[in-house]
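The next block holds one structure in the form of C-alpha cells; read it before the comments.
Excluded from the calculations below are hydrogen atoms, water molecules and symmetry mates; all remaining heavy atoms, backbone and side chain alike, are included. Letters A, B, ... mirror the listed sequences (proteins, then strands); counts begin at 1.
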Amino acid sequence: MKGKQQTRRLLTYAGLGAVATVMLSGCGAQYQVLDPAGPVGQQELNLIVASVVLMLIVIIPVIAILVYVVYRYRDKPGNTAPYDPHFSDSKVLEVIWWGIPILIVAILGTETVRTTFQLTKPPSNATPITVEVTSFDWKWLFQYPDGHVATVNYAYIPVGVPVNFVLTSDAPMNSFWVPRLGGQEYTMPGMAMTLWLQAAQPGVYYGHGANFTGRGFSHTTFYVTALSMDKYQQWIAHVQQSAPALTQTDYRQLSVPSVIGNETFSSYPTGSFENTVLRDGGQYMAESMQMMNKLHPGTGSGSMPSGMTMPTTTTTNKTGHKKHK
Amino acid sequence: MPPSHLSHWGLLITGDPLIYGADASIALASIAIVYVLTKYKKWKWLWDEWLTTVDHKKIGIMYLIAAILMLFRAGTDAELMRTQLALPNLHFLGPEHYDQIFTTHGTVMLLFMAMPFIFALMNIAVPLQIGARDVAFPYLNAISFWLFFFAAMLINISFVIGGSPDAGWTSYAPLAGSTFDPGPGENFYLMSLEITGIGSIGTGINFLATILKMRAPGMSLMKMPLFSWSIVATSILILYAFPALTVVLALLLIDRVAGAHFFTITAGGNPMMYINMFWIWGHPEVYILILPAFGVFSEIVSTFSRKTIFGYKSMVFSLLLISLISYFVWAHHFFTMGADASVNSFFAIASMLVGIPTGVKIFNWLFTMFRGRIRMKMPMLWTIAFIPCFTMGGMTGVMLAAAPADYQYHNSYFLIAHFHQVLIGGTLFGMLAAMYYWWPKVFGFLLDERWAKWAFWMFNIGFYVCFEPQYVLGLMGMQRRMYTYPSGLGWTDLNFISTIGAFIMGLGFIFLVWDIIYSIRHGERDLTGDPWDGRTLEWSLPSPAPHYNFAVIPHVTQLDQWWELKQQGRQDELRPKASDIRPIHMPKNSGKPFLFGLAFFVVGVGFVFEWYAVAVIGFLGVGALLLARSFEAHPDYHIPVDEVVHTETALGRL
Amino acid sequence: MSNDHDTPQITKTFHQEKFPWQGIFGYILSLVLTAFSLWFGLAHAAQYGVILYVIMGLAIMQIFVQMFMFMHVTETDEGFPWQSLGLVSGLVFVAAIVIMSIWIMTFGAGVS
Amino acid sequence: MATVIEHAHGHPAHEGEHYVPLEYKEKDDSLKVFGFWLFLTQDMVLFACLFATFVVLRTHTGNGPDSESLFDVKGFIEETFILLTSSFTGGISTFYMRKKRAIGTVVWLLITAALGAAFVSLEITEFLHYISIGATMQTSAFLSAFFTLVGTHGAHVSVGIIWMLSIVIQILRRGITPALSRKVFIVNLYWHFLDVVWVFIFTVVYMMGVIH
Ligand code: HEA
Ligand code: HEA
Ligand code: CUA
Ligand SMILES: [Cu+2]
C-alpha cells in the first residue's frame with residue numbers, strides 16, 4: 001500500500017510538472033490564455049506565471065515533507081526513527097512558516113496591485129478607438145462610434161491600437177471575454193464599463209460570454225478579427241456602403257431572446273447605446289458614467305451624445321409628488 | 001395576482017420521461033417505506049425514538065444519514081453532467097435540463113450535503129468532547145434539524161413538481177428574477193435555502209453557547225480539543241454570515257412574488273447589490289465548510305501519530321484569524337465587475353492573506369506527524385490524502401485571488417477545478433475522515449477497512465483524473481455552465497478524461513456505501529469505547545455513549561486529558577463512582593420541533609406556488625407552536641440515581 | 001460540583017438599585033440625543049456632510065445608552081461576558097458590510 | 001433547591017455571596033439569556049444588510065417620489081419618541097421583575113406593549129397613506145427598500161407585543177418564577193434592541209431623507 005501511495009505522489013508530481021511546462025513554454029493557440037496575442041493578455045500571463053512559480057515554492061516542499069514524514073515515521077515494527085510524543089512547540093519553525101508565506105504574499109500582492117492599476121489604463125500610447133458592446137439574450141452587438149457602423153456576433157479591430165470596449169447589457173448580465181486578447185469584464189444592464197484590449201498581431205480570436213445567462217448561454221460565441229489599420233478602415237468604408245442600416249425595429253428584434261448568426265449594419269440610431277444604458281438604470285450610476293466620459297480620449301463622437309449631461313442622482317425624477325402633510 | 005403560469009394540474013404533467021421516471025421512483029420509494037414501517041409496526045418507534053428526539057447523538061445520526069443520501073443525489077447530478085459533457089455536441093441533456101442539474105448539484109452539495117455533514121459531526125462530537133450532557137438548547141437543536149430536513153424535502157421535490165431552479169447555485173438576479181425566470185423553480189431554491197438557513201443560524205447560536213458556557217470544569221478554552229475550537233470559529237462565521245443570506249434571498253423573493261424592485265433592471269433596481277450581498281454570505285460560507293474539516297484533521301493527525309498536536313496555540317489563533325479575514329474578501333468573487341482598482345486591490349490582498357494562517361495549519365499538521373508513530377487507519381489515510389490535494393486547491397485559490405489573473409480564470413473551468421479541489425479535497429475528505437473516525441463512537445462498531453480502501457483509492461484517483469484536466473480546460477477558454485461545446489476548440493480529449501474520472505469517483509462512492517452495509521453485519525464491534533487509542537474525553541465513554549453521556553461530569557486538568565491519564569495508568573479516574581452520582585436533569589422529547597419544520601414546509605410550499613392562503617396557514621402554525629412552547633411549564637425531567645447506577649453497571653463501568 | 005473552574009472568575013457584575021436611576025438617566029439621555037439630532041439636522045445647522053457625520057455619531061451614542069443603561073450588557077453569572085465581545089465584533093462586521101458595500105457599489109468614485 | 005441536581009446543560013446553579021438576579025439563578029436560564037444575546041448579534045447583521053441595501057437604493061426613485069417629498073417630519077418624530085419611551089418603560093419592568101414584584105412588572109410591561117401598539121398603528125397609518133398616494137413597494141427600488149427595512153422593524157415590534165402579552169398572562173398565572181423572570185429580561189433585551197434599530201432608521205432613513 002505504501003508503494004501505491006508513493007506512486008500516487010509521483011503521479012501528482014508528474015502532473016504538476018506537466019502543467020508547469022505547458023504554462024512556461026508558451027504553447028499552441030488552443031491554450032488561449034497561455035498564448036496571448038496582445039499586451040493585456042501578456043501582462044495577465046506574466047502575473048499568472050509569477051504566481052505559479054511562487055506557488056511551486058510552497059507546494060513542492062509541502063509534498064516533499066509529507067512524503068518524507070509519512071514514510072519515516074510510519075508505525076511499523078522495528079522502525080528506528082525517533083519518537084517524541086510531546087514534541088509540539090518550536091519558535092524557530094513557527095517563525096519560518098509564518099514568515100515565508102508572508103513574504104510570498106507580499107511579493108504576489110505587490111505584483112497584483114501594480115497590474116490591477118495598470119490594466120485600467122490604455123495598453124499603449126497609440127490613438128485608441130472605441131467599440132461599444134451590448135450583450136443581449138443570446139448575442140452580441142458591436143457599435144463603432146468612429147464609422148457609425150454596427151455588427152452582430154463578430155467584431156473587427158485594428159492591430160496595434162488600444163481598443164476601448166465600452167460594455168453594457170440589455171438583458172441579464174453577461175461577461176465579455178476574448179481570452180487571447182485579455183481578461184473579461186461583466187456587461188451589466190444600466191452600466192457602461194471600460195475594458196482596454198489590444199491586438200499585437202492580426203488574427204481571428206475566439207470570444208464568448210462568460211457569465212451564465214440562461215438557456216442560450218452556450219451559444220454566445222463571437223469572433224474578434226484583428227487587421228491592419230488600413231484594412232480596418234477599408235472594412236468600415238465597405239460596410240458603410242454595402243450593408244443595410246440598423247433600424248429601431250431591428251434593435252428591438254435583437255432584444256428578443258434568440259440565437260442568431262453574424263449580421264452587419266451600415267449605421268445605427270444615434271445614441272442607442274447611451275439610451276440602452278440609461279433605460280436600464282444608468283442614471284443612478286452617474287459616477288461611473290462620468291468617469292467613462294473622461295476616459296474617452298478624443299475619438300470624435302465619444303460615447304456621450306454631445307449636450308447630454310448625466311443627471312446627478314439627487315435631482316432625478318421628482319414626478320410632481322407634493323410633500324404631504 | 002394569481003400567476004397564470006401555474007395551473008394546479010400542470011405541475012405534475014411535464015411530458016418529460018426523466019421526470020416521469022423520478023415521479024414514479026419517488027412514489028414507489030414512499031410506498032415501500034410506508035409499507036415496511038406498517039408491516040413491522042415501527043411507526044411508534046420512529047416517532048418516539050427519532051422524530052421527537054432532542055438527544056444530540058440521535059440528531060447527529062439523522063444529519064449523517066441525510067448527508068450521505070444527498071451526496072448520492074447531487075453526485076448523480078454530477079454524473080449526468082459529466083456524461084453530457086463527455087463529447088462535443090451531445091444531446092443527452094438539453095439546456096433546460098442541464099441548467100437545472102448544475103444548479104441543484106451545486107446547491108444540494110453545499111447546503112444539503114456538506115452543511116448537514118458538518119452539523120452531524122458537531123452534534124456527534126462536541127458535547128462529548130467538552131464533557132457536557134447535551135447541547136445548550138436541545139429543543140432548538142431539534143428545530144434546526146427539522147428545518148434542514150423539510151428544506152431538503154422542498155428542494156428535492158422541485159424536480160418532480162413544478163421544475164427545479166435553473167439559475168445556478170448563486171442564482172444571480174436579474175436572471176433569477178421573475179422577468180427572465182418565471183415559474184416556481186427559483187422559488188423552490190429561495191424558500192428551501194431560507195428555511196435551512198434559519199436552521200443553521202440556530203445551530204450556530206446553539207454550539208457557541210454550548211462551547212463557551214458548558215465545558216466540563218477545568219477545561220479552559222486553551223485546554224479544549226481543536227475540533228471544538230474549529231466549531232467555535234465556524235459558529236461565529238455562521239452567526240455573522242447567514243443573516244446576509246436570509247436577507248438577500250428574502251429580497252429576491254419579494255421581487256419575484258410581490259413585484260418589488262430590489263434587483264430588477266427597471267424602476268431603479270440594482271442587480272449588483274444582489275451579487276454583493278450574496279457573497280457577503282457566500283464567501284464566509286465556504287470557510288464554514290472548511291473550518292470543521294480543519295478541526296477534524298487536527299484530532300486525527302494527533303491521534304494517529306500518537307503525538308500532541310504541534311503548535312496548539314497557533315492552531316487556535318489561525319482558526320480565529322481565518323474566520324476574521326474571510327469576512328473581508330467577498331468581492332473576490334466579482335473582480336470582473338469593473339469596480340474601482342483600489343477595491344480589487346484591497347480584496348485581492350485580503351484573499352491572499354487567508355493563505356497564511358491556512359499554511360500555518362498545514363505545517364503544524366506535518367510537524368505533528370514528524371517524530372510520531374503514524375498508523376495508517378482509514379481516518380489517517382483520508383487526512384494524508386487531504387494535504388496535497390487541498391494545498392494545490394488552496395494555491396490555485398491564491399492564483400485566483402490575483403485580481404488581473406482572475407480576469408482570465410473567472411467563470412472558466414479553472415475556477416470549477418479550484419473549488420472542487422478545496423471542496424472535495426478539503427471538506428469532503430475531512431467529512432469522510434471524520435465519519436470513519438467517530439463511526440464506532442456513534443454506532444458501536446468499526447467500518448471494514450478492506451472495502452473502505454477500495455472506496456478511498458477509487459475516489460482519490462478518480463478525483464485527480466476528473467478535475468486536474470479542468471484547470472487546463474479553463475486555460476483553453478472553456479466557460480462553466482455550458483451544456484455543450486463545439487468540437488474544434490481542442491476541448492474534447494480533456495473533457496472525456498474528466499468524465500472518466502467522474503465515473504471512477506462514482507465507483508468509489510458505491511464502495512463506500514457497500515462498506516457501510518457490509519460493516520453493519522460484519523464490522524468489528526467496539527467493546528472498549530476507545531478503538532483508536534484516543535486522546536479526548538469522548539473516548540473515555542462506552543460506545544455508543546449512554547443518553548446522558550457522562551454519569552459524572554469529569555474534571556479536566558490538561559489538553560488530551562484521556563490520553564495523558566492513560567499514559568499514567570490513571571484512566572479509572574474518568575469512571576464514575578457510585579457515590580458521586582446525582583439525579584440528572586434532562587430535556588424531554590417533544591414532537592413540536594418536527595411540527596415546526598412541517599409548518600415551515602407549508603410556508604415554503606405556499607410561497608413557491610404563490611398560494612398565499614397556504615403560506616398564512618403555515619405561519620399561523622409556526623406562531624401557535626412558539627406560543628405553545630412558551631406556555632409549556634415543565635419541558636424537562638430528572639433521571640433518578642438508581643437508573644443511572646443501573647445503566648452504568650450494565651455498561652460495566654461501576 | 002461547585003464552581004472550581006480554573007478560568008479566572010472575571011466578573012459577577014450584578015448590582016441592585018433601590019430606585020431605577022439608571023433607567024431614568026438613560027431615558028433622559030436618549031431623549032436629549034434624539035432632540036439634538038433633530039435640531040441639528042432639520043435646522044441645517046451645518047453642511048450636508050457635517051450633518052451626516054454628526055447625526056450618525058449621535059445614533060451610535062444611542063447604541064451605548066441602550067446597551068449600558070437598559071440592556072445590562074456587561075452582566076454575566078460566571079466567567080467572561082462573551083456577549084459584550086460578540087456585540088462589539090458584530091458592530092465591526094456590521095460597519096464592514098455597510099461601508100464596504102457602499103464602497104464597492106460606487107464605481108470609480110474614488111479615482112476621479 | 002434541596003437536592004443538588006446536575007443539569008444536562010452544565011453544572012448546577014451556584015449561590016454566590018453576591019447578589020444574583022433571579023434570571024441568572026438557574027444555569028438553564030442564564031444560558032438562555034446568553035443564547036438570546038447571540039440571537040441579537042445575528043439580528044444586528046440582518047438589519048445591517050437591510051440598511052446597506054437601503055443606502056445603496058435610496059436615490060433610485062424611478063418614476064416614484066423621493067424621500068424628501070414623501071416623508072412627514074411630524075409623523076416620524078412622534079414614532080421616535082413613543083418608541084424611546086417604551087424602551088424606558090420596558091427597562092422599568094425589568095427593574096420590578098428583579099425586585100420580584102409581579103404587579104409592577106405586569107403593569108410596566110402592559111404600558112410598554114401599549115406604547116408599542118401605538119407605534120405600530122402610527123406606522124401602519126403612514127404606510128397606508130403612502131400606498132393611497134400610489135407610493136408602493138412596486139413603484140421604485142427606493143420604496144421597495146424603504147418598506148422592507150421599516151416594515152421588518154415593524155414586524156419585529158409586533159412580534160414583541162404579542163410576546164409581552166403572553167408573558168404577562170404567564171406571570172399572572174404563576175407569579176415571578178426564575179423561568180419567567182428570564183423571559184421578562186429577554187423580551188426587554190429584544191425591545192431595547194429594536195429601539196436601537198429604530199434610532200438608525202430614524203437617522204438613516206428619515207433624517208437623511210429629509211435633509212438635503
Ligand atoms: C471549501 C471551500 C473553499 C476554500 C477553502 C477556498 C479557499 C480559497 N479560495 Fe475559493 N472558492 C470556493 C471554495 C473554496 N475556496 C468556491 C465554491 C468558489 C466558487 C463559487 C462559484 O463561483 O460558484 C471559490 C472561488 C474563489 C474565487 C473566485 C474566483 C472567481 O470567481 O473568479 C477566489 C478568488 O480569489 C478564491 C480564492 C480562494 C483563496 C485565496 C482561498 C484560500 O483560503 C486558500 C488557502 C490555502 C492555501 C493557500 C494552501 C495552503 C497554504 C500553504 C501551504 C502556505 C503557503 C501559502 C501561501 C504562500 C499563500 N476562491
Ligand atoms: C461539496 C461540494 C461539491 C462536490 C462534492 C461536488 C462533486 C462533483 N462535482 Fe461539482 N459543483 C459544486 C460542488 C460540488 N461538486 C458546485 C458548488 C458547483 C457549481 C454549480 C453552479 O455552477 O451553480 C459544481 C459544478 C460542477 C460542474 C460544472 C458544471 C458547469 O459549470 O457546467 C461539474 C462538471 O464537471 C461538476 C462535477 C462534479 C463531479 C464529477 C463531482 C464528483 O465528486 C461526484 C462524485 C459522485 C458521487 C459522490 C455519487 C456518485 C453517484 C452514483 C454512484 C450513482 C451513479 C449513478 C449514475 C451514474 C446515473 N460539478
Ligand atoms: Cu455593475 Cu453598476
Ligand atoms: Cu471566496
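- For B:L239, the parts lying under 4.5 angstrom from a heavy atom of chain D are both the backbone and the side chain.
- In this structure, no portion of D:T136 lies under 4.5 Å from any heavy atom of chain B.
- Between the OG1 atom in D:T105 and the CD1 atom in D:I167 there is a gap of 11.0 Å [rounded to 0.5 Å].
- When heavy atoms are compared at a cutoff of 4.5 Å, B:I201 approaches chain D solely by way of its side chain, counted from C-beta outward.
- Within 6.0 Å of the NZ atom in D:K100, the count of heavy atoms belonging to other residues, nucleotides or ligands does not exceed 12.
- Listed options B:L627, B:L251, B:T264 were ranked by heavy-atom pairs under 4.5 angstrom with chain D; first place goes to B:L251.
- Remark: the D:W191 side chain and the D:S86 side chain contain an N/O donor-acceptor pair separated by less than 3.5 Å.
- Both the backbone and the side chain of B:S630 have a heavy atom closer than 4.5 Å to some heavy atom of chain D.
- Contacts between B:I254 and chain D at a heavy-atom distance below 4.5 Å involve the side chain alone, from C-beta outward.
- The closest donor-acceptor contact from the side chain of D:R101 to the backbone of D:F95 lies at 3.5 Å or more, if one exists at all.
- For D:A52, the parts lying under 4.5 angstrom from a heavy atom of chain B are both the backbone and the side chain.
- Of the residues considered (B:A209, B:P127, B:G204), B:A209 shows the highest number of contacts with chain D, using heavy-atom pairs under 4.5 Å.
- For B:I280, no part lies near chain D; criterion is any non-hydrogen pair under 4.5 Å.
- Taking the side chain as every heavy atom from C-beta outward, B:I231 and B:I211 approach each other to under 4.5 Å.
- Side-chain contact of B:K57 with B:N549: a donor-acceptor pair under 3.5 Å is present, judged by distance alone.
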